[in-house]
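Everything numeric in this text was worked out from a predicted model, so none of it was measured. Computed from heavy atoms alone, side chains included, the values below leave out hydrogens, waters and symmetry copies.
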Amino acid sequence: MEAEVSGLVVGCLYLPNGNPAPGPKFDYKLRWFDRLIGYGQTLLQEGALTVLCGDYNVVPTPIDAVVPRRWIGDAVYFPESRQAYAEMLEDGWIDAVRRIHPEKGVYTYWNHSYGGGYDKRSGLRMDHLLVSPSLSPKLRGAGVDVETRGWEKPSDHAPAWIELE
């Protein structure tokens with residue numbers, strides 16, 4: 001879904017999970033990612049102030065997982081998934097949370113089966129807010145509302161957010 005509001009383009013997406021991988025679901029995920037990369041390049045060429053946010057279902061780097069080795073056989077941590085995300089950054093997209101918190105483990109997902117709360121050992125960051133270079137100077141803050149995990153019947157994801165000037 002995409003909307004333009006007061007000159008700001010906001011695209012909200014859900015990228016397929018890709019499990020079990022390897023296999024047809026993972027191949028579909030990579031094709032989906034290829035289309036997103038192409039569309040992202042078009043947006044960058046247009047120079048619009050843009051945020052592409054949502055569940056990318058990719059854990060880009062080891063700092064984005066509490067225990068990275070737990071995810072080695074999962075599509076969210078496969079090298080091909082991580083490379084596709086890296087291609088978006090190479091194209092010029094800026095990972096807003098990582099820009100604000102370059103060395104900190106920030107997580108948006110936790111295993112849902114842990115006693116109604118969350119398994120702190122399963123934390124991953126796979127929900128991302130990518131901003132266009134034209135929007136980067138306006139970035140003032142970024143984070144995750146982890147307290148929502150304490151609500152009754154919470155999602156296994158917590159909302160990630162950015163603050164723009």
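Scanning for side chain to side chain donor-acceptor pair (under 3.5 Å) contacts around Q41 gives D91, with sequence neighbours left out. Judged as a side chain to side chain donor-acceptor pair (under 3.5 Å), and not counting sequence neighbours, R69 has no contacts. Among residues two or more places apart in sequence or in another chain, the side chain to side chain contact (heavy atoms under 4.5 Å, CB included) test is passed with R98 by I63, D64, D95, H101, R125. Not a single side chain to side chain donor-acceptor pair (under 3.5 Å) links Y28 to another residue, sequence neighbours left out. Not counting sequence neighbours, the partners of I100 by the side chain to side chain contact (heavy atoms under 4.5 Å, CB included) test are L139, A142. R31 meets the side chain to side chain donor-acceptor pair (under 3.5 Å) test with no other residue; sequence neighbours excluded. Applying the ring-ring contact (aromatic ring centres under 6.0 Å, His included) criterion to H157, with sequence neighbours excluded, gives Y109. The side chain to side chain contact (heavy atoms under 4.5 Å, CB included) check on E103 picks up nothing, with sequence neighbours excluded. Remark: F78 engages F26 in a ring-ring contact (aromatic ring centres under 6.0 Å, His included) (not counting sequence neighbours). Under the side chain to side chain contact (heavy atoms under 4.5 Å, CB included) criterion, P133 pairs with L44, I94, not counting sequence neighbours.
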Walk me through whether L13 and W32 qualify under side-chain contact (heavy atoms from CB on, under 4.5 Å). CA-CA 11 Å; L13 60 97; W32 205 103; 4.1 Å; yes
Please evaluate residues W110 and V66 with respect to the criterion side-chain contact (heavy atoms from CB on, under 4.5 Å), reporting the C-alpha separation (whole Å), side-chain torsions for both, the decisive distance (0.1 Å), and the verdict. CA-CA 10 Å; W110 295 267; V66 173; 5.5 Å; no
I'd like to know whether R99 forms a side-chain contact (heavy atoms from CB on, under 4.5 Å) with V131, so could you lay out the CA-CA distance, the side-chain angles of the two residues, the decisive distance to 0.1 Å, and finally the verdict. CA-CA 10 Å; R99 171 68 58 92; V131 299; over 6 Å; no
Test side-chain contact (heavy atoms from CB on, under 4.5 Å) on H128 and W93; report intermediate values, then the result. CA-CA 11 Å; H128 304 286; W93 291 99; over 6 Å; no
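Side-chain contact check for F33 versus E80: every heavy-atom pair is 4.5 Å or farther apart. The closest side-chain heavy-atom distance from N57 to P16 is not below 4.5 Å. Residues S81 and K29 form a side-chain contact, since some pair of their non-hydrogen atoms from C-beta on lies under 4.5 Å apart.
Within the structure, no pair that satisfies the salt bridge (charged side-chain N to carboxylate O under 4.0 Å, His left out) test touches residues 41-56, not counting sequence neighbours.
Interatomic distance, Y77 OH to T61 OG1, rounded to the nearest 0.5 Å: 7.0 Å. Rounded to the nearest 0.5 Å, atoms CG (L135) and CG (L129) are 10.5 Å apart. If you take CG on L164 and CG on L49, they are separated by 9.0 Å, rounding to the nearest 0.5 Å. Between I72 atom CD1 and D74 atom CG the span is 11.0 Å, to the nearest 0.5 Å. Within the model, atoms CH2 of W71 and CE of M126 stand 6.5 Å from one another, a figure rounded to the nearest 0.5 Å. In this structure, CG on L30 lies 9.0 Å from CG on L15, to the nearest 0.5 angstrom.
Cluster annotation: V51 and L43 are assigned to distinct hydrophobic clusters (Ile/Leu/Val/Met/Phe/Trp/Tyr, side-chain heavy-atom contacts under 4.5 Å, transitive). Linking Ile, Leu, Val, Met, Phe, Trp and Tyr whenever their side-chain heavy atoms come within less than 4.5 Å leaves V106 and L89 in two separate clusters. Residues L8 and W161 fall into different hydrophobic clusters, defined by Ile, Leu, Val, Met, Phe, Trp and Tyr side chains chained together at heavy-atom separations under 4.5 Å. In the hydrophobic clustering of ILVMFWY residues, with side-chain heavy atoms under 4.5 Å counting as a link, V58 and M88 come out together. L130 and V97 fall into different hydrophobic clusters, where Ile, Leu, Val, Met, Phe, Trp and Tyr are joined by side-chain heavy atoms under 4.5 Å apart, directly or via other members.
At least one donor-acceptor pair under 3.5 Å links the side chain of T50 to the backbone N or O of A48. Distance alone, capped at 3.5 Å, places no donor-acceptor pair between the T108 side chain and the A160 backbone.
Taking Ile, Leu, Val, Met, Phe, Trp and Tyr as members and joining any whose side-chain heavy atoms lie under 4.5 Å apart, directly or through other members, V9 forms no hydrophobic cluster with any other residue.
Taking both residues in full, the closest heavy atoms of A84 and I37 are given as O-CD1, 3.5 Å, listed atom of the first, atom of the second, then distance.
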